[in-house]
Amino acid sequence: MRKSVLSTLCVLLLSSVALADQKSDAQAKVDATKTETCEKVKKFIADQHAKGKCKTEHEEAQKITCSAQTFTKMNELNTKCVQAKPTADKPADKPAEGTPKCRALEVADSKTVIAEAEDKLSTKCVRLLTDALQKKWCTAENKGKKFDYLTDYDHTIGTGKFAKKIQGKKQTWTCRTVAK
């Protein structure tokens, strides 16, 4: 009887040790998953910051070293980031007041205005701009010469939060006829 009681006690003791090992293994897996998720959330917030969103959350997230203990704090930052209202459009993205203009700029500095035109339609503005360039450049001595310039627009494509400023590009104007 004594042997059976001892063997029962040994079995109970060993099973409790095995149960404790299983429990610590399970906790280690949970902690590893929390740490991994924390890292993914931190990357998500950084991606949102790169898009111009969640600035304060990104700054706070950068101060946190991910672990199972910091998982909850990172999740709170994620929730704030996702629920945050989008920031207002940047002033450069908003159309200028009045009639939008298009410009021909010097290639060398991208700032010096060669010619300028204005119209509410970007296509008509470009036609007016090319007429101005022809009058400026196409003299008798310049016939057949090519002139490089950069275009710049105040016009936008789309409306509301989807409005984007039309991007200018490098252009070349060839004087085929003399301006009158």
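The analysis underlying the following values was restricted to heavy atoms, covering all of them including side chains, and did not include hydrogens, waters or symmetry mates.
Connection of V113 to Y153 is not established within any shared hydrophobic cluster, with ILVMFWY side chains joined at heavy-atom distances below 4.5 Å, either directly or through further cluster members.
Between L128 and A117, the closest heavy-atom pair is CB-CB, 3.7 Å. Across A68 and T35, no two heavy atoms sit closer than the pair N-OG1, 3.3 Å. Minimum heavy-atom separation, T177 to C138: O-CB, 3.4 Å.
Side chains of T130 and W173 form a contact here, defined as non-hydrogen atoms less than 4.5 Å apart. Side-chain contact between C102 and E116: absent, with no pair of heavy atoms (C-beta onward) separated by less than 4.5 Å. Inter-residue side-chain proximity for K143 and C175 is flagged as unmet; no heavy-atom pair is nearer than 4.5 Å.
Proximity of a side-chain donor or acceptor of K42 to a complementary backbone N or O of I64 within less than 3.5 Å is detected. The backbone N or O of K169 lies less than 3.5 Å from a partner atom in the side chain of T151, making a donor-acceptor pair. Side chain of T174 to backbone of K146: no donor-acceptor contact under 3.5 angstrom is found. Not one N or O on the side chain of D148 forms a donor-acceptor pair closer than 3.5 Å with the backbone of T172. Using modelled atom types, one side-chain atom of D109 and one backbone atom of T112 make a donor-acceptor pair closer than 3.5 Å.
We find that R127 and D119 are not joined by a salt bridge, their nearest charged nitrogen and carboxylate oxygen being 4.0 Å or further apart. Taking a cutoff of 4.0 Å between a charged side-chain nitrogen and a carboxylate oxygen, E57 and K80 do not qualify as a salt bridge. Using a cut-off of 4.0 Å between Lys/Arg side-chain N and Asp/Glu carboxylate O, K29 and D25 are scored as not salt-bridged. Note on D152 versus K165: salt bridge recorded, some NZ/NE/NH1/NH2 to OD/OE distance being below 4.0 Å. The existence of a salt bridge linking K43 and E39 is excluded, since no basic side-chain nitrogen approaches an acidic carboxylate oxygen closer than 4.0 Å.
For the atom pair CD of Q134 and NZ of K136, the computed distance is 14.0 Å after rounding to the nearest 0.5 Å. Taking CD of Q48 as the start and NE2 of H58 as the end, the distance is 11.5 Å to the nearest 0.5 Å. How far CD1 of I114 is from CG of L150: 8.0 Å, rounded to the nearest 0.5 Å. Remark: S67 OG to M74 CE distance equals 9.5 Å, nearest 0.5 Å. For the atom pair D154 CG and E118 CD, the distance stands at 9.5 Å (nearest 0.5 Å). Distance OH/Y149 to CG/L129: 6.0 Å, rounded to 0.5 Å.
The six-membered or imidazole ring of W137 lies near that of F147, with a centre-to-centre distance under 6.0 Å.
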Inset, instruction - May I have the step-by-step check of side chain to side chain contact (heavy atoms under 4.5 Å, CB included) for N75 and V41, ending in yes or no? - result: CA-CA 7 Å; N75 253 0; V41 169; 4.1 Å; yes

